[in-house]
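Note that this is a predicted model, so its numbers are computed, not measured. Computation of the quantities below employed the complete heavy-atom set of this structure, encompassing side-chain atoms and omitting hydrogens, waters and symmetry-equivalent molecules.
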Amino acid sequence: MENMLTVTEVTRAYGVSARMLRHYEKLGLISSDRKEDYSYRVYRPEDVQRLRQILVLRKLRLSLKEIGSILNDPGPAAAISVFEKNLSQMDEEIQALQAVRSVIEAFLQALRQRKTLSSGDVILQNSQLLALANSLSPAATLFQEERRKIMENLNQSDQASWKLKDVRIVHLPESDVAAAHFVGDDPENRAGEMISDFVRKEKLWEKHPGLRLYGFNHPSPMDETGFHGYEFWITIPEGMEVPLPLTKKFFAGGTYAAHMIPMGNFEEWEWLYEWVQNSDEYEYAGNGSPENMFDNLEEHLNYHDHILETHEGEPQTAQLDLLIPVRRKSK
């Protein structure tokens with residue numbers, strides 16, 4: 001046990017959630033051990049070292065697939081290939097930005113020379129400027145937007161301070177739900193399998209085509225064992241009964257700030273928290289209790305198709321909506 005770290009120690013030291021650690025383990029990026037007479041998972045120094053490498057490479061915009069190829073290659077070949085590819089893409093972005101910059105300079109010069117005309121007239125009446133702008137490929141414009149976002153992000157010293165640009169305000173309808181709850185090792189999968197078994201047995205997609213799947217940590221804090229709980233809710237038709245071990249509950253719905261992430265990018269919870277805290281129009285409307293993740297939810301998007309595509313085990317969801325309850329600020 002010497003020099004080994006528990007799940008709690010790793011999450012506190014490196015600011016990564018236990019669920020993220022399990023996601024990395026499922027992808028084969030890191031591993032953990034269970035020692036005899038020691039009931040919870042521990043990480044060896046080499047596992048922690050790999051985690052540190054993953055966190056650094058993520059900040060360089062590498063995908064988890066690219067990171068896996070680097071870490072699983074004992075030599076430098078994979079890393080060289082990945083970085084060469086990324087540098088080539090950046091060179092293309094730079095060239096595209098330079099092309100856009102030259103067009104903007106031309107427009108600016110034309111506007112300064114014709115101050116008596118409106119900007120719209122100058123832009124649309126100058127055939128040379130229009131031809132120059134039309135010569136840009138759509139990729140050039142996309143690269144410009146991507147580069148702007150990158151520079152905004154790089155100017156921040158901490159990922160949690162990045163400003164989200166794609167937060168949506170959504171209203172979730174009230175609904176009866178079948179709830180599955182598990183506390184222990186890998187609770188998301190265990191609770192998820194309970195829900196999937198119920199959905200498939202009932203062919204719920206036929207009885208309730210608009211089915212939606214929500215989840216949340218319950219309870220959120222991990223104790224000294226390293227375990228926590230997770231609860232899933234699947235929406236069901238009004239009046240439908242559910243079998244044990246599931247329980248029937250009522251979801252009141254409400255207004256939420258929503259941000260979509262690819263499965264695994266749970267560090268972006270911090271970004272959404274910050275957005276809510278800094279919003280001029282909305283404020284947090286949850287109960288403030290960590291028992292059920294402060295009333296926050298994770299909606300597994302397109303669960304309808306995923307449950308049909310996978311007939312055994314728990315289907316893998318590609319995208320999640322992170323959801324924080326909000327209300328309009330009083331004037």
Side-chain angles (χ1 to χ4, degrees), residues 4-34 40-86 89 159-160 182 184-193 195-196 213 215-217 222 226-228 230 232 259-271 298-303 305-307 309-322:
M4 290 190 175
L5 298 181
T6 65
V7 172
T8 301
E9 289 171 333
V10 172
T11 58
R12 290 175 179 173
Y14 297 101
V16 59
S17 68
R19 193 175 187 187
M20 181 66 78
L21 290 175
R22 286 193 297 275
H23 185 64
Y24 289 162
E25 287 191 42
K26 289 178 182 178
L27 296 178
L29 297 177
I30 60 174
S31 60
S32 63
D33 288 332
R34 286 189 184 279
Y40 50 97
R41 290 178 294 144
V42 292
Y43 293 90
R44 299 166 297 177
E46 52 266 38
D47 298 320
V48 175
Q49 178 68 10
R50 281 177 69 94
L51 174 62
R52 293 175 60 192
Q53 293 169 340
I54 292 169
L55 298 179
V56 169
L57 293 173
R58 287 288 280 167
K59 291 182 178 180
L60 297 179
R61 300 174 60 207
L62 299 189
S63 68
L64 292 178
K65 182 178 180 180
E66 290 174 327
I67 292 173
S69 67
I70 291 174
L71 297 184
N72 294 325
D73 184 354
I80 290 174
S81 176
V82 168
F83 285 123
E84 284 181 343
K85 176 184 176 183
N86 278 262
Q89 292 174 343
Q159 283 191 348
F182 186 86
D185 194 24
D186 206 13
E188 292 87 357
N189 277 343
R190 297 292 294 274
E193 288 173 357
I195 287 290
S196 295
L213 181 68
F216 56 93
N217 291 334
M222 293 182 299
F227 293 145
H228 73 281
Y230 200 82
F232 272 114
H259 168 57
M260 189 277 293
I261 64 167
M263 173 61 80
N265 286 17
F266 296 108
E267 71 274 10
E268 296 185 28
W269 265 118
E270 291 295 332
W271 308 354
E298 297 169 342
E299 180 174 5
H300 293 235
L301 300 178
N302 197 23
Y303 185 72
D305 286 353
H306 286 288
I307 196 69
E309 291 168 358
T310 308
H311 301 289
E312 295 182 2
E314 174 59 16
Q316 293 297 312
T317 304
Q319 296 174 323
L320 300 175
D321 254 354
L322 308 183

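With a 4.5 Å cut-off on side-chain heavy atoms, His259 and Asp321 do not count as touching. Looking at heavy atoms from C-beta onward, Glu66 lies in side-chain contact with Asn86 at the 4.5 angstrom threshold. Annotation: side chain of Gln319 is not in contact with side chain of Asn302 (no heavy-atom distance under 4.5 Å).
Looking at residues two or more places apart in sequence or on another chain, you find no salt bridge (charged side-chain N to carboxylate O under 4.0 Å, His left out) involving Glu84. When the side-chain contact (heavy atoms from CB on, under 4.5 Å) test is applied to Asp47, the partners found at least two apart in sequence or on another chain are Ser31, Tyr43, Arg44. For Glu25, the salt bridge (charged side-chain N to carboxylate O under 4.0 Å, His left out) partners two or more places apart in sequence, or in a different chain, are Arg41. The side-chain contact (heavy atoms from CB on, under 4.5 Å) test applied to Asp73 returns Ala77, Ala78, not counting sequence neighbours. Ser81 is linked by a side-chain contact (heavy atoms from CB on, under 4.5 Å) to nothing, counting only residues two or more places apart in sequence or in another chain.
Here Leu57 contributes atom CG and Leu64 contributes atom CG; the two are 10.0 Å apart, rounded to the nearest 0.5 Å. For the atom pair CG (Leu62) and NZ (Lys85), the distance works out to 10.0 Å, reported to the nearest 0.5 Å. One distance of note links CZ of Phe83 with CG of Leu60; it measures 6.0 Å at 0.5 Å rounding. Leu320 CG to Met260 CE: the interatomic distance, rounded to the nearest 0.5 Å, is 9.5 Å. Remark: Glu299 CD to Leu213 CG distance equals 8.0 Å, nearest 0.5 Å. Distance check: Asp33 CG to Met4 CE gives 5.5 Å after rounding to the nearest 0.5 Å.
Between Ile30 and the choices Val48, Val10, Ile54, the side chain to side chain contact (heavy atoms under 4.5 Å, CB included) rule is met once, by Ile54.
Between Gly68 and Leu29, the shortest heavy-atom distance links the atoms CA-CD2, 3.4 Å. Closest approach of Arg50 and Leu71 over heavy atoms only: NH1-O, 3.3 Å. Contact between Gly215 and Tyr230 at its shortest, heavy atoms only, is C-OH, 3.2 Å. Pairing each heavy atom of Glu188 with each of Phe232, the nearest pair is O-CE1, 3.2 Å.
Side-chain N/O atoms of Tyr24 and Ser32 include no donor and acceptor closer than 3.5 Å.
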field: From CA spacing to verdict: side-chain contact (heavy atoms from CB on, under 4.5 Å), His306, His300
entry: CA-CA 10 Å; His306 286 288; His300 293 235; over 6 Å; no
